[in-house]
Structures are given as C-alpha cells and as structure tokens.
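Shown next, in structure tokens, is the structure this report addresses.
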Amino acid sequence: MQTQMARRRFLGMSKYADDRPCPPYSIRKDEFEEKCNSCGDCVDACPEKILVVSERSRLPVVDFKTGACTFCEACVEACGEGALVKTDGAPWGMRAFILNSCLSFQKITCRSCSDFCDERAIRFQPGLGGQQIPDLDSCACTGCGACLAACPNSSIEMREIKLQEEVL
C-alpha cells in the first residue's frame with residue numbers, strides 16, 4: 001500500500017479524488033489519506049449519518065444530502081488512527097456559497113436555506129421589484145451544511161477556504 005501511495009504522489013494524483021469533503025476535524029488531506037485505514041468507525045459513530053464511505057477512494061466523506069453536521073465530535077472519538085483530531089480552532093475550513101441558480105436570484109421567493117441556518121449566516125436583503133437577495137456572512141457560517149440540505153434547487157455548495165493563521 002505504501003508503494004501505491006508513493007506512486008500516486010509521484011504522479012500528482014490524490015487518493016482522495018472525491019468531490020465531497022473530508023470529515024470535520026480531519027488533519028491535512030495528504031496526511032488524512034495516509035493515516036485513515038478506511039475502517040468506517042467514524043461513519044458508524046456519526047449520529048447525523050452524514051459520513052459515508054466513498055466508492056472511489058474508500059475513505060470517509062461528508063454527504064450533506066442527508067443532513068447537517070452538529071460538530072458533536074463523535075467521529076473524532078471513534079477514530080483510533082489519528083486521522084480526525086479535535087482542535088481549539090474551527091473543525092474545518094468548509095463554508096457555504098450561494099450559486100447563481102438560487103431561486104431568489106430568479107425572483108422566486110424561497111428562504112429555505114436561512115430557515116435552517118442556526119447561525120443566521122444567511123439573510124435576505126430587499127432588492128429591486130420586491131426581490132429578496134441572499135446575503136451570506138462567511139464569518140458566521142460554520143460549514144455545517146444545514147442550508148445545503150434544505151435548498152430545493154441545489155443552489156448551495158460547500159467550498160473549502162483557507163483558515164487564517166495567527167501571525168506572531
């Protein structure tokens with residue numbers, strides 16, 4: 001397996017070729033794919049059932065179609081390999097992004113995403129002709145995925161952002 005991993009690195013390919021994100025509390029992606037043994041303990045421990053095993057990489061990924069992450073840390077407690085580690089900072093760098101296909105941009109009233117956002121990171125601002133424009137506060141967004149699961153038009157996606165590091 002070590003030879004296979006070295007070959008992937010040499011060819012510039014990642015074992016983690018799934019579009020879905022690593023679980024929250026994952027260590028760096030390249031280290032995660034080295035340490036995770038695909039045991040599925042984190043998948044079994046997730047009370048929200050949003051962690052699934054990728055058919056492509058055989059590693060755990062987050063599937064927001066079924067719900068949101070509560071950041072309960074059950075996956076961290078179940079991981080005996082050290083691929084998921086609790087930190088003092090944010091559990092991950094995922095944030096929601098609203099796409100142009102949002103129904104509100106099409107002048108169709110829909111506020112499903114804001115109704116399900118406990119952090120109130122998504123608000124609607126009045127626009128021309130009574131249109132309501134979604135406004136996402138990326139600082140308030142935890143990346144839980146509640147808005148994504150609630151969106152009837154699949155107009156929200158989760159993207160990884162670089163978390164700011166403290167500079168001494």
Side-chain angles (χ1 to χ4, degrees), residues 14-29 32-33 36 38 40-79 83-84 86-87 89-164:
S14 172
K15 178 180 171 187
Y16 214 97
D18 202 298
D19 289 340
R20 295 173 290 185
C22 298
Y25 306 103
S26 296
I27 55 178
R28 277 191 359 219
K29 201 175 257 192
F32 179 78
E33 63 188 32
C36 180
S38 303
D41 289 347
C42 59
V43 173
D44 294 338
C46 180
E48 304 303 321
K49 303 298 180 208
I50 63 166
L51 295 182
V52 297
V53 175
S54 168
E55 291 180 22
R56 188 171 186 174
S57 68
R58 308 309 292 158
L59 293 172
V61 293
V62 178
D63 184 2
F64 286 117
K65 291 177 190 157
T66 58
C69 184
T70 60
F71 306 110
C72 67
E73 301 173 12
C75 56
V76 177
E77 293 170 14
C79 181
L84 303 176
K86 176 155 173 32
T87 64
W92 59 5
M94 299 302 294
R95 297 294 180 265
F97 284 85
I98 300 173
L99 305 175
N100 288 336
S101 58
C102 174
L103 294 174
S104 293
F105 291 135
Q106 316 307 318
K107 298 184 179 180
I108 299 170
T109 302
C110 176
R111 293 182 175 210
S112 296
C113 56
S114 68
D115 291 343
F116 283 86
C117 181
D118 289 340
E119 301 300 320
R120 299 290 173 233
I122 302 174
R123 298 173 186 249
F124 285 82
Q125 306 297 326
L128 296 174
Q131 182 180 9
Q132 297 291 307
I133 313 277
D135 181 33
L136 189 130
D137 180 356
S138 60
C139 291
C141 178
T142 62
C144 71
C147 58
L148 191 143
C151 182
N153 200 35
S154 301
S155 295
I156 298 176
E157 65 181 28
M158 301 302 282
R159 296 182 190 163
E160 190 165 356
I161 61 166
K162 299 287 182 195
L163 296 175
Q164 292 182 348

What's the shortest heavy-atom distance between T142 and W92, and which atoms? O-NE1, 3.4 Å

Quick one: does S104's side chain have a donor or acceptor within less than 3.5 Å of a partner on P134's backbone? no

Could you tell me which non-hydrogen atom of R20 sits nearest to which non-hydrogen atom of V62, and how far apart they are? CB-O, 3.4 Å

How long is the span from the CD atom in E77 to the SG atom in C72, to the nearest 0.5 Å? 7.5 Å

First locate atom CG of D63, then atom SG of C46, and finally report the distance between them rounded to the nearest 0.5 Å. 10.5 Å

Applying side-chain contact (heavy atoms from CB on, under 4.5 Å), name anything that partners K86, two or more places apart in sequence or on another chain. E73, V76

Please report the closest heavy-atom contact between I98 and C102, naming both atoms and the distance. CG2-CB, 3.8 Å

Answer yes or no: does atom CG of D118 have more than 12 heavy-atom neighbours from other residues, nucleotides or ligands under 6.0 Å? no

How about K49: does its NZ atom have over 12 heavy atoms from other parts shown lying under 6.0 Å from it? yes

Could you tell me whether a side-chain N or O of S54 sits under 3.5 Å from a main-chain N or O of L59, the two making a donor and an acceptor? no

Verify, without hydrogens or angle tests, whether R95 (side chain) and C141 (backbone) share a donor-acceptor contact under 3.5 angstrom. yes

Within 6.0 angstrom of F116 CZ, more than 12 heavy atoms from elsewhere: no

May I ask you to decide if N100's main-chain N or O and Q106's side chain share a donor-acceptor pair within less than 3.5 Å? yes

Can you check whether I133's main-chain N or O pairs, donor with acceptor, with R123's side chain at less than 3.5 Å? no

Rounding to 0.5 Å, atoms CZ (F32) and OH (Y25) come to a distance of 14.5 Å

Does any non-hydrogen side-chain atom of C22 lie less than 4.5 Å from one of K29? yes

Mind running side chain to side chain contact (heavy atoms under 4.5 Å, CB included) on S101 and S155 for me, showing each step along the way? CA-CA 6 Å; S101 58; S155 295; 2.9 Å; yes

Of all the heavy-atom pairs spanning C113 and I156, show the shortest one and how long it is. CB-CD1, 3.5 Å

